[in-house]
Protein chains: 2
Amino acid sequence: MTKNFNFTEKLRETGLRPTKQRVKICEVLFNREKTFHFTINDLAKKISEDLNEKFSLATVYNTVHAFKDKGYLKEIAINSDKSYFDTNTSSHHHFYDEDTHELIDCNKDDLDTINIKKNITGKKINSVEVLIRVASDNQNQN
Amino acid sequence: MTKNFNFTEKLRETGLRPTKQRVKICEVLFNREKTFHFTINDLAKKISEDLNEKFSLATVYNTVHAFKDKGYLKEIAINSDKSYFDTNTSSHHHFYDEDTHELIDCNKDDLDTINIKKNITGKKINSVEVLIRVASDNQNQN
DNA sequence: TCATAGATTATAATTATTCTAAACTGTTGA
DNA sequence: TCAACAGTTTAGAATAATTATAATCTATGA
């Protein structure tokens, strides 16, 4: 999904009916320069702010999951409080600011490529995620 | 915490009252060769199986959190379903088997050291976690 | 236009986790 | 040794994120 796309067509192409809600959520998520890191709640809030209308929470959940299944979104494991999603679906890693609870994408050159030397027999690697937890220098050491 | 330790003394040393429940949970967690990866539910089940008695779930939560705060346990972010904990508190990484929902420790030589080249101004790095998701070769590509 | 499969919705249900307040227990010091 | 108190445990209630349900609605293809 790229900026200023014909979301209706894109949705149809990938087998999702382009409903009003889905198209609008696409606009909120993908009409932007930088990648967007969000929780369901963030998104629901953004929808009601930006569009001045409120979709059912269930719709937000359904849509985000549909988008994730179609590969428009990536889910990022941070903790068990809530799920975080990322509009950047390329293979990349994250900083997580434990003070602000914000996610920041790593650039390609922030980190060497992760090289896994061991294979688990009969298993293939689905993903490799690095999470770098950071916090203010002058506070909780964890 | 090491195998066959005097848990009562160890608990006291770190400022935790060695109650019956805490000592028994120590035994379940730390009297073993290999590291133990578990969810709260796993642990609660193991307690009732191994010890043939049932501690209040709240106690299991309290104890696990106390142990985590004292550095006996590490929490591992996998998904938002539940929290996973690890008795191996050294800096290390994980494979996560998406078929069996099992965690497997990476050995030091499974992975190169992660070298982070970028700093976030004013922030210090608390931890660097790598999670390698694996799954059976002949099924869901995610 | 119509039938229908697929979506949306409000709400209920579920699940993991945290809170609460009462009862209980380790520890300290007289 | 024992009273007193702070720290723990406990059952159950409360909370929060998420999923399920079932009725209504809508995009789509005939």
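Just so it is clear, the model here is predicted, and its values are computed rather than measured. Every chain is numbered from 1, with letters handed out A, B, ... down the list of sequences.
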A:Phe38 atom CZ is separated from D:dT18 atom P, nearest whole Å, by 11 Å
B:Lys70 has an atom NZ; how far is it from atom C1' of D:dT8, in whole Å? 14 Å
Closest-nucleotide 5' rank along DNA chain D - winner of B:Arg17 and B:Asp81: B:Arg17
Exercise: do A:Asp42 and A:His37 side chains pair donor with acceptor under 3.5 Å: no
Using whole Å, report how far CG of B:Leu11 lies from P of D:dG7. 16 Å
Check this one for me: any side-chain N or O of A:Thr19 less than 4.0 Å away from OP1 or OP2 of C:dT8? yes
Output the single nucleotide from D:dT9, C:dT9, C:dG26 whose closest atom is nearest the side chain of A:Asn62. C:dT9
B:Tyr61 has a side chain; which of C:dT18, D:dT10, D:dT28 sits nearest to it? C:dT18
Would you indicate whether B:Lys117, at its atom NZ, is surrounded by more than 12 heavy atoms from other residues, nucleotides or ligands within a distance under 6.0 Å? yes
Rounded to whole angstrom units, what separation is found between the CZ atom of A:Phe55 and the P atom of C:dT11? 18 Å
5′-ward residue of the pair B:Lys82/B:Arg12 relative to DNA chain C: B:Lys82
Can you measure from NE2 (B:His94) to CG (B:Asp86) and round to the nearest 0.5 angstrom? 4.0 Å
For the side chain of B:Leu57, counting heavy atoms from C-beta on, which of C:dT17, D:dT10, C:dG26 is nearest? C:dT17
Taking 4.0 Å as the cut-off, does a side-chain nitrogen or oxygen of A:His65 come that near to OP1 or OP2 on D:dT19? yes
OP1 or OP2 of D:dA17 less than 4.0 angstrom from a side-chain nitrogen or oxygen of A:Ser83, does that happen here? no
Looking at B:Gln21, does any N or O in its side chain come under 4.0 Å of the phosphate oxygens OP1/OP2 on D:dT10? yes
Is it the case that more than 12 heavy atoms not belonging to A:Lys108 sit under 6.0 Å from its NZ atom? no
